[in-house]
Every structure is written in C-alpha cells, then in structure tokens.
There are 2 protein chains.
Amino acid sequence: MYHSAMPEPPLRPPMRQAILDAAIDTFARNPGASLSEVATRAGVGRASLHRHFASRADLIAAASGQCMDEIDAATAAALKDARTARDRLSRMLEAVVPLGDRYHFLVSEIVDDESVHKRYEDELDWLGHLADDLKAEGVIAADVPRSWVVANIDAQTWLAWSEVAAGRLAPAHAADLALRTLLEGLGP
Amino acid sequence: MYHSAMPEPPLRPPMRQAILDAAIDTFARNPGASLSEVATRAGVGRASLHRHFASRADLIAAASGQCMDEIDAATAAALKDARTARDRLSRMLEAVVPLGDRYHFLVSEIVDDESVHKRYEDELDWLGHLADDLKAEGVIAADVPRSWVVANIDAQTWLAWSEVAAGRLAPAHAADLALRTLLEGLGP
DNA sequence: GCGGAATGATACATTTATGTCTCATACGAG
DNA sequence: CTCGTATGAGACATAAATGTATCATTCCGC
C-alpha cells in the first residue's frame, strides 16, 4: 500500500456535512424541529452544531444551499444530452425524484436568505421556460396556463418522491407515472 | 314579530367561531404561528382565546374538526345527484377547491387528536373507493396505482386552490384544469 | 509519546410561547 | 338602572429553545 494518498474526499466526512444532512432530513419531516433533534440525528453534540453554524438561520440557509447544489448538479448531469424539451422534462424527473427529500426541505422551509431566495426564483424561471418550450413543441396544450404547468411539474415531482419514500412505488415507476401524468394531463 | 324564536344561528357569531376561523387562516399560512397571532387576527385578547380553548392542541383539534365539517358539508351537497364516479370527481373538485385553505390547514397540521385522525383516514378511504370506481368506469386506466390516483386528486385540489389564492386563475377555471389534468393524465 | 485542535457534556443567561390569574370595564338581560 | 357575565389588558409562573461559555476528554498530526 505505497500510494495511500488517493484523491479521496475526506475519509471521515467532516462533521459539517453530517449536520447538514441531518438538518435536511429532520426539517423536511418537521420544519419546527429543535436544533437538539438535528444534533442528535447527526450524532453530534448540540454545542458542536453551534460551532459550525452560529444560528438556526445559518444552518437553514446552508442546508438550503446544499440542497440546491445537489439538485443543480443532478439536473445538470441529466440534461447534458437532452435535445427536446420533452427529453429535458423526462430526464429532470428521473434525476430529481430521488432527491425528493432535499426538494421537500426547500418547499417546507421559508427561506429568508437572499441568495437562496434568488436561486429559487431562478429555478422557477427555468421551469417556466421549460413549460414554454414544451408548449412550442406541441407536447403541452397551448391553452394550459404557464403557471399551471410549472405548479404541476413541481407537484408531480414531490408526489413521485412521496410515493417512493412511502415504499409504495419504485423510483423508476414513480418517475414514469409523473411523466405520464404530466404529458397526458396537460397534452393537447 | 310574534314568533321571534326562529332557528337562526346566533345572531352575533360567537367569538369561538371568529377564533376558529382565524386559527385556520393563520396556521394554514404558518403552522408554527403563536396563539398571540391567532388572537390578534381574530380581533380578541389572548386570554379570551384561552377561555374558549384550553390549550393549543385543543384549538387545533377544534379547527380540524371545523374544517372537516365544512368540507364534508360541501361535498355532501355537491354529491347529492352525482350518478357516475366521474361526476362525483368533478363535483367534488368544484366544491372543495374554494375550501382550499381549510384543506391546506389539515395537511399542514399534524393532528394528534384521535377522532380527527380517524376522520382523515375515512376521507382517504373514500378517495380510494372513488379511485376504484373511476377505474371501473374506465375513466382512469387500470394500470395506474390506486395510491397514485388518490395522491393526485389531493394534489390537484390543493394546486387549484393555490392558483386561485395567488390570483392567477379563476375558481371555475382552476377546478376545470384540475379535472382535466386528472382525467387526461390518468386516463386510459 | 506530545501538544494543539476539535469535540461532548454541562451549565448558564436570554428569549419566546404557553397557560393561569386578577381586575377593571363594557355589554346585555331583566 | 342594576346586576351578572364576558371581555381585554396585563401580571405572573413555567417550560422550551436558543445561543454562549467553560472544562475535561479525545483525536490527529508531528
């Protein structure tokens, strides 16, 4: 074992990451949960949590950023070779459905942080353009309001993850159902 | 005016009702809101609130019951002369969409109260049977899982109200879109 | 093994919500 | 008009969460 210095990420994932994960998990289930619960779930003392995140708001802002990073990364990878808008929708669903808990966290937390809020607006904007493109392709009927399309994409994403999380559907099946519901439900 | 004892509800709606309405409104927006906020929105003192509802849990349980009563009444009236399952779905949407805030309250609050919980289960059960009937009528495809249908009816109801509350759609239009999305999206 | 940094446990002060209580007042029935 | 009741305002005690500080211990690099 001569070359032990492999480019691995920190062997013991830093505590910060464990806390963020625990926060996302905990707050997604119960937005009013206490920091003690988060610390406990992370397997960390409450004091240590405060060493990494000065305040509750700090933690939530950081967790939101983390969620958006993960979602952005997943969608960016999935959208790489999508040519049509329909393809983009399909691949985005497949990519995001497994991240439903991250997604749910963002929805359940009202984020005060400005930069987080801006990213969220951008995300909605992106969905709006996707809706426009879907209409232009004739995949979605022209008389369906843009906001209805956007809201439905959001809702079906969340629904699909929800069914997966409840153990009622397999991830691929759920993403399929979401896509089908969207295309048939809003199609011409 | 000899027969003054008409079966009118209390002429000055009792404070209890104002508090319940304020609670539903407040908690639907922010499940973590304080009782002070509720009292203020109801236009009453916090002490008076406690005279009618001993604890926060009491208030939430009562508000939940109230919501369910209203939803039950609205749907019962709407379903009176619905012959097909498709009719039931359509009329239910029209009846419940305007009550979206009541509906949202029930979803946003985790209800501990046992009787409320039971009524909620019954409601889900009813939706499940509706889904079965819709499938039997051939309005909804047989290969769509029951839970997906139920979850989607829930989601579309909430979506429609949401768009109405945001001022983006008229109530009738929103209910129509919800019905269409369901029938086309889950149809054979 | 040593020494510094990070952690866990604990105590503490502060804040906020909750629930109870009292008292003065306003309101309505008689 | 008067009495009883309900209300509003506020004081109060309690509980819980938050944020800070301290100290002993553990862990890691050296």
Side-chain angles (χ1 to χ4, degrees), chain A residues 1-64 108-113, chain B residues 1-6 8-64 105 108-113:
Chain A
M1 296 294 203
Y2 295 127
H3 303 69
S4 64
M6 287 188 45
E8 296 175 6
L11 279 178
R12 316 250 191 105
M15 176 177 306
R16 179 186 170 88
Q17 197 55 44
I19 295 173
L20 280 180
D21 286 336
I24 293 168
D25 195 50
T26 305
F27 289 138
R29 297 177 205 230
N30 171 22
S34 73
L35 298 186
S36 292
E37 292 179 58
V38 175
T40 301
R41 179 166 313 214
V44 169
R46 193 170 66 91
S48 296
L49 186 153
H50 277 291
R51 285 188 190 103
H52 291 273
F53 305 96
S55 71
R56 182 189 183 91
D58 266 23
L59 174 60
I60 290 182
S64 300
S108 68
E109 286 296 329
I110 291 93
V111 180
D112 302 325
D113 189 272
Chain B
M1 290 297 211
Y2 297 127
H3 303 68
S4 64
M6 286 187 48
E8 297 177 4
L11 277 178
R12 312 249 192 107
M15 176 178 304
R16 179 187 170 88
Q17 196 54 45
I19 296 173
L20 279 180
D21 286 335
I24 293 168
D25 195 51
T26 305
F27 289 138
R29 298 177 205 232
N30 171 21
S34 74
L35 297 186
S36 292
E37 292 179 56
V38 175
T40 300
R41 181 166 313 218
V44 300
R46 194 170 65 91
S48 295
L49 187 152
H50 277 289
R51 284 186 191 106
H52 289 274
F53 305 96
S55 71
R56 181 189 184 91
D58 266 24
L59 175 60
I60 289 181
S64 301
F105 168 81
S108 67
E109 286 296 328
I110 292 93
V111 179
D112 302 323
D113 187 271

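- The side chain of His52(A) contributes an N or O atom lying less than 4.0 Å from OP1 or OP2 of dT7(C).
- For the pair Phe27(A) CZ and dA17(D) P, the computed distance is 12 Å after rounding to whole Å.
- The NE2 atom of His50(B) sits 16 Å away from the P atom of dG10(D) (whole-angstrom rounding).
- Ranking dA11(C), dA9(C), dG8(D) by closeness to the Arg46(A) side chain, first place goes to dA11(C).
- As judged by a 4.0 angstrom heavy-atom cut-off over every strand, Gly43(A) is placed among residues touching the sugar-phosphate backbone only.
- The minimum heavy-atom distance linking Ala42(A) with Ile19(A) is given by the pair CB-CA, 3.9 Å.
- Side-chain atoms of Ser34(B) lie closest to dA17(C) of the nucleotides dC23(D), dC21(C), dA17(C).
- Of the candidates dG19(D), dC23(D), dT18(C), dC23(D) carries the atom nearest the Arg51(A) side chain, counting heavy atoms from C-beta on.
- The two atoms that bring Phe27(A) and Leu59(A) nearest to each other are CE1-CD2, 4.1 Å, heavy atoms only.
- Residue Leu35(B) has its side chain nearest to dT18(C) when only dC23(C), dG19(D), dT18(C) are considered.
- Counting heavy atoms from C-beta outward, Arg41(A) and Arg29(A) have side chains that approach closer than 4.5 Å.
- For the pair Leu59(A) CG and dA17(D) P, the computed distance is 16 Å after rounding to whole Å.
- The distance from atom CG of Leu49(B) to atom P of dG19(C) is 10 Å, rounded to the nearest whole Å.
- The backbone N or O of Phe105(B) sits less than 3.5 Å from a side-chain atom of Ser108(B), completing a donor-acceptor pair.
- At the heavy-atom level, Arg56(A) lies under 4.0 Å from the strands shown only through sugar-phosphate atoms.
- Ranking dC21(C), dT18(C), dT18(D) by closeness to the Ala47(B) side chain, first place goes to dC21(C).
- Taking the side chain of Met15(A) as heavy atoms from C-beta on, and the options dG8(D), dT20(C), dT7(C), the nearest nucleotide is dT7(C).
- Taking atom CZ on Phe53(B) and atom P on dT18(C), their separation rounds to 15 Å, with Å as the unit.
- Screening Thr26(A), Leu20(A), Val44(A) for a side chain to side chain contact (heavy atoms under 4.5 Å, CB included) with Val38(A), the sole residue that qualifies is Thr26(A).
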